[in-house]
Amino acid sequence: MTTLDTAPVAAPAPAPARAVRVWRTLRSSRAAVIGLSVVAVHVLIALLAPLLTSYDPIANSADEALLGPSAQHWAGTDQYGRDVLARVLYGGRYALGVSLTATLLTVALGTVIGCAAALRGGWFDNVLGRVLDAVLSVPAILSLLVVVTALGTGPSVIVLAIAVVYVPQVVRVVRGAALAVVPQDYVTAARARGEGTWAILRREILPNITDVVCVEFAMRASWVVLLISSLSFLGFGADPPTPDWGLMVAENRTAITVVPMASLAPIIALATLVVGLNLAADGLSKAWGVDRIREGS
């Protein structure tokens, strides 16, 4: 279960004031700054990949297979003669694109459902809790394999599978945060004015749990990146010859003693991205005072 240590909640601050508070928080947390900087570098490299290398990441060249690092191929080539550095650079596009989409969908759905459960309570909250318990009882990787086996592979299927696995966990975290806001006077006043559920969620509850949602997004993104790479490594993620870090490790692991960089380069790229996301999540968590037990970590 998720626990939150939440101080008494004040009325929602105006958007400019919240933006200033977020900026000050980022500046005061060295871990958050370092983590977000690492992630920003990964995003920049992925966007500028065509400018950083002249090699086609999927073009085969049998004459240049299994070459070590050189002036022409800084990280060498793989068993198909493809430039390893080019595949790593372009691989960030797939990892970041699919992971960001999956995390956005997961956190958005989980936030809406969690807030609605906290606000409505009663039978809706009880039934939802039992459904979440049932879904969370199944290991994440097993749920993912069931979804991709039934629906096939592809970015859209992976995004859907990630949502199925992680939405219940996000719901629990957000619900716990929202329960501290629901009893506040301004929420009671909004109900007395006859405002609808969506209006109360958007105006009164969401502004007061933005810190929890941001921390959850950063932490969830790191798990999603790892899970997507694991799927590709197992053969259920990106289809060859897509440049993907997990797929690169799977393709080149048998030749690791011949061209170690073909496997080590994507591992290093994946590790630095995950470390950056974790640093950002931990830094923001400490700066905002969000205390939670991270399930599944």
Side-chain angles (χ1 to χ4, degrees), residues 1-4 94-179 209 212-213 215-239 244-247 249-250 270-271 273-274 277-278 281 285 290-297:
M1 290 293 294
T2 301
T3 59
L4 288 165
Y94 184 88
L96 290 169
V98 178
S99 300
L100 178 60
T101 303
T103 307
L104 282 172
L105 177 63
T106 299
V107 174
L109 288 176
T111 298
V112 172
I113 297 173
C115 288
L119 183 61
R120 295 183 66 88
W123 68 267
F124 177 78
D125 191 21
N126 291 331
V127 171
L128 180 63
R130 302 296 76 76
V131 173
L132 295 181
D133 289 340
V135 175
L136 291 173
S137 65
V138 182
I141 191 65
L142 180 58
S143 299
L144 280 172
L145 291 177
V146 169
V147 174
V148 297
T149 300
L151 301 179
T153 58
S156 59
V157 175
I158 293 176
V159 169
L160 175 61
I162 293 294
V164 170
V165 171
Y166 280 145
V167 162
Q169 298 184 28
V170 177
V171 170
R172 283 194 165 184
V173 173
V174 174
R175 174 184 173 274
L179 283 175
I209 62 171
V212 175
V213 174
V215 172
E216 184 66 16
F217 180 89
M219 184 59 66
R220 198 64 56 188
S222 66
W223 296 344
V224 169
V225 169
L226 283 175
L227 209 51
I228 290 176
S229 295
S230 299
L231 280 178
S232 295
F233 179 82
L234 295 174
F236 293 95
D239 296 322
D244 174 75
W245 296 335
L247 182 60
V249 177
L270 177 62
L273 177 58
V274 172
L277 289 169
N278 280 327
S285 177
V290 178
D291 182 19
R292 52 176 296 249
I293 299 175
R294 291 170 282 187
E295 301 179 27
S297 58

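Side-chain atoms are counted along with the backbone in the values below, which use heavy atoms only and exclude waters and symmetry mates.
In this structure, CH2 in W223 is found 14.0 Å from OG in S230, a value given to the nearest 0.5 Å. L273 contributes atom CG, which lies 8.5 Å from atom CG of L226 (distance to the nearest 0.5 angstrom). The CZ atom of F233 lies 12.0 Å from the CG atom of D244; values are rounded to the nearest 0.5 Å. Interatomic distance, CG of L247 versus CZ of F236, reported as 13.5 Å (0.5 Å rounding). For the atom pair CG (L227) and CG (L231), the distance works out to 5.5 Å, reported to the nearest 0.5 Å.
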Test side chain to side chain contact (heavy atoms under 4.5 Å, CB included) applied to L277 and V225, step by step: CA-CA 10 Å; L277 289 169; V225 169; 4.1 Å; yes
I113/V170 under side chain to side chain contact (heavy atoms under 4.5 Å, CB included): CA gap, chis, key distance, verdict: CA-CA 9 Å; I113 297 173; V170 177; over 6 Å; no
Criterion side chain to side chain contact (heavy atoms under 4.5 Å, CB included) on M219 and N278, from CA distance to verdict: CA-CA 6 Å; M219 184 59 66; N278 280 327; 3.5 Å; yes
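At distances below 3.5 Å, at least one donor-acceptor pair connects side-chain atoms of S137 with backbone N or O atoms of A134. Judged by distance alone, with hydrogens and angles left aside, the side-chain atoms of S232 form a donor-acceptor pair with the main-chain N or O of A238 at under 3.5 Å. Listed for the T103 side chain is no donor-acceptor partner under 3.5 Å among the backbone atoms of L100. For the pair T149 (side chain) and L145 (backbone), a donor-acceptor distance under 3.5 Å is present.
Residues V174 and C115 come closest through the heavy atom pair CG1-SG, 3.8 Å. Counting all heavy atoms, side chain and backbone alike, L144 lies closest to I162 at CD2-N, 3.8 Å. The two residues A163 and L105 make their nearest non-hydrogen contact at CB-CD2, 4.1 Å. Of all heavy-atom pairs spanning R175 and A117, the tightest one is CD-CB, 4.4 Å. Between S99 and I228 the shortest heavy-atom distance is OG-CD1, 3.5 Å. The two residues V148 and A161 come nearest to each other via the heavy atoms CG1-CB, 4.5 Å.
Two residues are said to be in side-chain contact when any heavy atoms from C-beta on lie closer than 4.5 Å; D125 and R120 fail this criterion. With a 4.5 Å cut-off on side-chain heavy atoms, L104 and F217 count as touching.
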